[in-house]
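Data block below; observations after.
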Amino acid sequence: MTKKVIAPAADKLARPLAKSYEPAAFEAETYQFWNENGCFEASDENVPGQESFAIMIPPPNVTGVLHMGHALTNTIQDILTRWHRMSGDNTLWLPGTDHAGIATQAQVEKAIAKEGKGPSGRPLTRHDIGREEFLKRTWKWKEEHGTAITNQLKRLGSSLDWKRERFTMDEGLSKAVREVFVKLYEEGLIYRGERIINWCPRCQTALSDLEVVPTDRKGSFWHIIYKIVDDAGKPVKNADGTQAQLIIATTRPETLLGDTAVAVHPEDERYSHLHGKSAVLPLVGRLIPVITDTYVDKEFGSGALKVTPAHDFNDADLGKRHNLPSISVMGKDGKITSEGGAYAGLKFAEAREKLVADLQTAGDLVKVEPHSHKVGLCQRCETVAEPILSKQWFVKIEPLAKPAIAAVENGDIVFSPKSWDKTYFEWMNNIRDWCISRQLWWGHQIPAWYCNQCDGITVSREEPRNCSSCNATAIALTRDEDVLDTWFSSALWPFSTLGWPDKTKALETFYPTSILETGFDIIFFWVSRMIMMGIHFMGDVPFKKVYLHAMVRDEKGEKMSKSKGNVIDPLTLIDQHGADPLRFTLAAMAGQGRDIKLSTDRVEGYRAFCNKLWNATKFLHLQFEEANGGPITEPAGGTEAWLEKNHAKLTPVNRWVLSRLQTVTTRVEKGFADFELNESAQALYEYSWLEVCDWYIEFSKLPLRPETAKPEARYETLITLHYVLETLMRLMHPIMPFVTEELWLSLPFKHAANSPARVRDGKDEVLSLIFQKFPKANEKLRDEGAEKTVSSLKSVIEAIRNFRGENAISPKTEFVLKYFPQNADAESFMKEFTTDIRQLARVSEVVAFEKSAASAGALEASIPLVLPAVELRIGLKGLVNVEEESKRLKKDIERTESDLGHCRGKLTRESFIAKAPPELIAKEKATEAQLVAKLAELEAAMQRLSQLA
RNA sequence: UGGCUCGUAGCUCAGUGGCAGAGCACUACCUUGACACGGUAGGGGUCCCGAGUUCAACCCUCGGCGAGCCAACCA
């Protein structure tokens, strides 16, 4: 049987590399090629022995646009995904979007409002067109706008398995939601009850505690008199005979209408004579008890507190403890209810104004102070959210929270950075019941029906035929109008997306998922709820690791927001510089536990890096032929095997670059494994640019240059360069998939590949970097000796360049380099690398000299080196004036003296000699000797110079 | 009021118990046969402050100071 190879179009493969890195020319077509050929697809079953690796995308809002936070999280997830895929795992990264209840509904409502005016004369609202029509419109909106964000993810290069794309309101997920709701209801973990909840008067819906953002607001502090009376309604006197009263300060005077008690601290001696008495509610005249509770802070204000159980969370707790009635005076419509007496029907703000004026008139207002305090705003529309008593659906959270806490405590789930588990525990240990009903239309409608015959509630997976209490027919049943909190469906994401409640193979293969990567701002909203639901319904954690990335901020460290106008748009950056530079930037900055201050300079820098890689590859292409002009053929068994076999015969420079590559490979892999992507990025950057481009390619020009090349050295060098670049492309591919693919495809030696799961599924091989094996360090190619040798070689060249630079000698001016080797090793070293030194240091000749013969009379610069042990000499005549050279020498002497001083400082300290490890002492002693020798030579040189001057 | 981060070159950030690093910016020189999105050389630091541990601290411990985030809040 012949297996087909899927390859990019022939004309693409034949195309020579462009002059420079131009990402716009290939990113889109590359992505399309991968996607069309199923390169992102996971298999439902592992091959025997194969591991599965799964990440569920944190579903972005379906109406959203890609922002830098998305770019970061998806870059990180794609890096991990591509790395695991290349490592042979059955890798699933599952895409999808969230219906985002309030956000999406608001968008559509805005669109409707623009369409015209309703019967009332005001802009059209959803109520004007009705629920059914509204939902139809919203679905249409979703179809039209919902692909924007997914298309943007594609531009980033995200290797998501699009065939498995899900939407939190698609059929399967809706089924999962109903299943969970009904089960929890049957288990008594979902209940309907009248509770105080946060209400947004503008959105006209209940909000969970998390959806309310406490915000500093300037307000006033009204001090109001509450007179005290006894059971008979007679005024209570103080010890001094004056009328007893409590002065109570409030920031929300309109809630006074709903007061059902005043509270003091039981041990507050000022008020002990008032215990058990009553207070007269100003303006209203209602008698309310004076209660005692340790919740009251004696030190704050007057030490007395008014209690409004219907409109304040703390007061609700107080009310419950003391069996106080709750009077709802603030209505859902933003107006005072009929309980508000004379104030009924007024808007909250109007009521406040009138009430304050009336208090003033009645003489019950002592003073008004300016006061700044926190007000809860609706997360979505920034309207002041009011605590209101209301009938809603809740999840009884404690039984779900307990095992979820335990899972993190016992290490089944690990947070990274670790410090976040404290935040998690803090929240989970103080968790309140979760209000899950929302008075919206866009979302999962609650599967509960109310019976008009018996008031019973029927909760059912399907449309019920009869009331579950009185068996009345469906006609008697009315479905709850409300929908569920968006986060309710997101909480099921790790398993609902895999087909639950059906028992699917995908579920078996990929649950629990491997990693959850997300922002720390949704630990409570999402992470904790997935853990609770996962454990409860799957009997196992939804993921083993939680990676929390930093927040992307602007270069000043401020949160990016549209209102501040400081948003850096990832798509603009991709247009300008390509997806890869942006990805590399994000990876390089993905250090843990801090903010990421994104600067476009950095992105530009990594674009230059891409261009550097591009040109390094171009260099290979320009050179890639035999010395006689014939084509280079791939060694049988591949380049790596060939290099291994011929390792001993390779030049030191080739052995050096191969050895360094192994170190880099280890570093990159460790960075990926430890979730320190910045480590991987840095290792790749440094090796590619500072070692391969700056040094190796420069060295390699000698054996490649026709006039200096030997055929064997030429071949060996080209094979090495090919191997180095090919390996680098594989190492870099997870971070920069596009440019590496483009360059890899251009390489002469490449082979189609396939992942194990695809082999099993009988799929064709693909000529692409995406399925190539991620490199493993090859110990046989490590060579410490070569590393030392090349390090010495670099020292010699740098010393000469430094001499040239310090003395401002033009690069065009060549001169003779003389050297005196201190030992035989140094001598053979200098002989071996004469040509390299000549070439890279731009000297005309490299010759040995005998120290005795190097007449003291010569006007020469002296550059003593430690490793290699040689003294370099450069004739100064016609090159530099003596003054300049003595300046350079003086600087070198000073530096050497300082180093020596430092070294001797250590060695003369008795405690150091006594306690430091012997190896270190020996090393310091050796350094001292070297520095002494170097200094002597430098001083001798200075002496010669001054004599001759 | 707690909890968590962070403080290193002008800027953005790496980093290690043993003589402080990168990119950008800056200065000088160079269009050398992959690359000016480039090369070579150079300047630039009390590693926030103070104690302690250690032979040795930028790194570990404690205490300050400063910045940010999260949670709870005084009604």
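The basis for the numbers below is simple: all heavy atoms, side chains too, and nothing from hydrogens, waters or symmetry mates. Quick note on labels: first sequence line is chain A, next is B, and so on, each numbered from 1.
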Can a donor-acceptor pair be found between the side chains of [X] and [Y] at a distance below 3.5 Å?
X        : Y        : result
A:His265 : A:Thr292 : no
A:Ser20  : A:Lys618 : no
A:Asn198 : A:Glu211 : no

>> Please give the distance between the C1' atoms of B:rC19 and B:rC47 as a whole number of Å.
In response: 14 Å

> Taking atom P in both B:rG2 and B:rU8, what distance in whole Å separates the two?
Replying inline: 26 Å

Suppose we define a pair by two distances each less than 3.5 Å, Watson-Crick or G-U wobble; what does [N] pair with here?
N      : value
B:rA14 : none
B:rU1  : B:rA71
B:rC26 : B:rG42

Do [X] and [N] share a donor-acceptor pair, side chain to base, under 3.5 Å?
X        : N      : answer
A:Glu22  : B:rC37 : yes
A:Glu806 : B:rA28 : no
A:Lys612 : B:rC35 : yes

From [options], nucleotide with atom closest to [X] side chain:
X        : options                : answer
A:Trp689 : B:rC19, B:rG38, B:rA36 : B:rG38
A:Asn802 : B:rA34, B:rA41, B:rA75 : B:rA41
A:Tyr685 : B:rA36, B:rG23, B:rC55 : B:rG23
A:Arg842 : B:rU32, B:rC55, B:rC19 : B:rU32
A:Asn314 : B:rC55, B:rA75, B:rC73 : B:rC73

> Starting at CG of A:Asn611 and ending at P of B:rG38, how long is that distance when rounded to a whole Å?
Replying inline: 7 Å

>> Can you tell whether the side chains of A:Glu798 and A:Arg804 come within less than 4.0 Å, N to carboxylate O?
In response: no

>> For A:Lys367, is there an ion pair with A:Glu369 - N to carboxylate O distance below 4.0 angstrom?
In response: yes

>> For a quick check of understanding: with a heavy-atom distance under 4.0 Å over all strands, which category does A:Glu814 fall into, base, sugar-phosphate or nothing?
In response: nothing

